[in-house]
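Here the structure comes first, spelled out in structure tokens, and everything after it is commentary.
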Amino acid sequence: MGRIRHDAMDRHGDFEVVVACDTEIDPKATVPMVTDPMAVYEYNPDVIVCSVPNMMIPDVVCTALERGKHVFSEKPPGRNSKDVRRMIAAEEAARAAHGGLVLKFGFNHRVHDAIEEAKKLTDAGTMGDLYFMRGVYGKAGGPNYSQNWRNDPELSGGGILIDQGIHMLDLFQMFAGRFTDVQSFVQRKFWTDVPVEDNAFALMKNADGIVASVHSSATQWQHTFRLELYMRNGFLSVDGILSASGSYGTEVLTVALNRLDATGSPIPNPEQQELRFTEDRSWDKEIAEFHAAVVKGTPLVCGTSQQALDVMELVEAIYAADPEWSTARQSTPQMAME
Amino acid sequence: MQTPVFLDHLPDIDAVAGQKPAQYRLERNKALLELMLDQSTVWHDRNACPACDQDTTQNPFFSQTMMEFRRCMNCNSIYAARVPGQTTIDRLRLDHIQARAADAGGDREFEFTSLLNWISLTEARLERKLDRVLDIRFATQAPAWPDATERLSHNRSWDFLELTPESDDFSALEAAVAKAAPKAILMPAELDRVADPAALLSALKAAATPGTVIFVASSCADGLEYEILGADSPSFVPLDRLTVFSVKGFETLSTKLGLQVLEISTPGRLDAVILDRYFKSAENTAIPFWSSFFREADKNRLRDLQILLQRSLKSGVLRFVLET
């Protein structure tokens with residue numbers, strides 16, 4: 001992820017990367033490299049981009065804020081809501097001490113072209129009131145699944161839900177606000193040698209009565225992203241999401257407004273408009289928003305610490321809503337993180 | 001710029017190949033013949049492609065039946081090599097509409113809804129209120145259209161500019177557009193029927209305030225029906241198809257006139273069913289691939305083909321969204 005961010009900053013043009021920190025020095029690196037995270041401060045950067053495993057995020061973010069640095073951090077924002085609250089406290093303290101510091105988290109799905117177009121359509125009011133949403137986000141595990149830090153709850157905070165499903169939950173909250181009433185089933189079926197979930201199903205409702213269901217899966221053998229929104233006057237869906245691997249396909253936004261019969265009732269199967277997006281500009285948009293926030297003081301729209309807290313609380317609510325999973329999680333030291 | 005694909009049911013072939021459409025074609029061809037036989041008719045030669053200005057002498061014949069049509073080697077647009085004056089065209093068209101007034105009904109509700117939804121969804125994507133729309137002549141062509149806008153188009157006011165005999169420079173139309181001061185203009189049935197599409201677009205651009213959004217639809221020369229059937233396509237009614245733009249051709253013309261192209265699509269739904277009927281109905285000459293493709297085609301295959309054509313901008317109708 002660090003390289004992706006570095007490339008995006010290079011494309012932006014108004015960033016100068018002064019140092020990079022990694023576990024090993026890359027002899028081909030075009031910028032100075034260090035392996036000690038604290039050594040980066042010797043280069044006196046204005047901004048810290050935090051692309052580290054989940055358990056390191058709070059320390060890196062808080063240290064940077066305490067030192068008066070603007071911070072761009074990957075998602076998930078730590079391992080749990082406690083981590084996020086700690087970062088929010090550091091953000092508030094840093095703003096009081098240094099003024100105008102920016103903390104942004106990289107929930108890049110919000111700024112994918114198809115998602116932005118969908119948001120325009122819902123915001124315009126053309127589609128009418130939102131009734132319900134469905135989201136499926138899944139993949140086929142991944143190489144060295146059981147050895148990957150992402151599946152060690154001490155390091156990651158959870159499994160597929162907190163790693164990938166969190167994007168879908170963030171989108172739900174972007175379209176409909178906070179979800180508070182949650183039911184769920186959280187399972188470990190195929191990857192049984194690790195103590196994190198490989199499937200999470202959740203049904204949730206917000207204060208306005210909007211219902212959303214999500215299925216986050218590591219056994220979705222065909223990589224899949226599908227978000228559907230059903231509204232009073234029609235529906236829209238986003239199929240596929242552009243990614244570095246390209247394995248989730250191109251993004252296809254499909255939208256339809258109902259056709260009405262003589263009595264005003266919707267006729268089934270309305271004409272649909274399909275829009276395809278083939279270029280992933282999300283990384284560039286995120287960096288541009290971060291830059292504008294740092295340089296011009298433009299308020300963040302995407303990736304605020306409050307959004308990070310809201311989505312992390314929803315992740316925890318989904319884990320907690322399955323009594324079996326919750327009990328197992330509490331009884332397993334590795335899983336009882338929060 | 002966006003290129004939406006419009007997905008819908010395949011229409012019934014009778015929409016173009018039934019008795020009523022056949023009667024319509026005969027009547028329009030009769031009007032054209034009478035026009036050609038009338039010694040007083042003044043014709044204007046088109047020495048260049050009306051879309052991209054390619055010299056006509058470089059463009060081969062598309063058809064020489066009744067009237068001479070050329071297909072532009074540069075942009076693929078199809079156009080009549082000579083056209084009567086705009087006033088004459090409009091008078092003929094009005095006469096025909098009035099003669100068929102009793103038969104003008106027909107259920108066009110889905111077509112109307114498609115046009116209204118097109119505007120609504122584009123408005124939302126543009127994040128701009130298009131709450132005052134001027135319809136250019138479609139209300140004359142489709143008398144049920146104003147009623148449909150009243151029933152189905154909320155939060156939007158409509159003005160309807162009726163078809164009246166126009167001068168070649170569309171000066172009256174230009175004045176009417178300026179007076180209406182719309183935020184959007186809808187013109188779904190004019191481009192292929194007028195003598196000088198560039199003059200029409202120029203009049204719109206001159207009259208509309210900057211930022212006005214123009215929704216245009218027309219027949220499309222890139223459609224597979226035209227590519228395979230040529231002038232035998234049932235959609236090719238010469239008097240109604242004085243200019244059949246290609247996507248490239250219309251984009252070139254729009255850009256040349258200083259219009260910004262916001263959206264391009266080819267939402268035609270008839271190519272597959274027209275070709276299916278053609279290949280299944282007669283002992284046609286065998287065309288490699290396509291003959292067997294259509295003879296073995298079921299509805300699913302036809303629908304898949306029509307969607308592929310749309311995704312490739314190769315169906316027989318085009319839609320553009322332009323901005324002045």
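Fair warning: this is a prediction, and the values are worked out from it, not measured in the lab.
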So with a 6.0 Å cut-off around [atom1] of [X], is the heavy-atom count from everything else above 12?
| X | atom1 | result |
| --- | --- | --- |
| A/R3 | CZ | no |
| B/N155 | CG | no |
| A/R178 | CZ | yes |

Inset, instruction - Check step by step if side-chain hydrogen bond (donor to acceptor under 3.5 Å, both in side chains) holds for A/R276 and B/Q2. - result: CA-CA 9 Å; A/R276 304 177 87 83; B/Q2 294 186 318; over 6 Å; no
Hey, could you give me the [atom1]/[atom2] distance between [X] and [Y], rounded to the nearest 0.5 Å?
| X | Y | atom1 | atom2 | answer |
| --- | --- | --- | --- | --- |
| B/E263 | A/L275 | CD | CG | 7.0 Å |
| A/K120 | B/E127 | NZ | CD | 5.0 Å |
| B/S265 | A/E274 | OG | CD | 12.0 Å |

Legend entry - Toward chain B: residues of residues 245-263 of chain A with heavy atoms under 4.5 Å: A/V255, A/L257, A/N258, A/R259
Side-chain heavy atoms of [X] within contact of [Y], under 4.5 Å:
| X | Y | value |
| --- | --- | --- |
| A/E271 | B/T113 | no |
| A/Q273 | B/N117 | no |
| A/M127 | B/L121 | yes |

Legend entry - Contact leader toward chain B among A/I267, A/D123, A/N233, A/L121, where contacts are heavy-atom pairs under 4.5 Å: A/L121
Inset, instruction - Could you check which of B/E123, B/R311, B/H9 has the highest count of heavy-atom pairs closer than 4.5 Å to chain A? - result: B/R311
Legend entry - Interchain contact, B/T3 with chain A, by part (heavy-atom threshold 4.5 Å): backbone
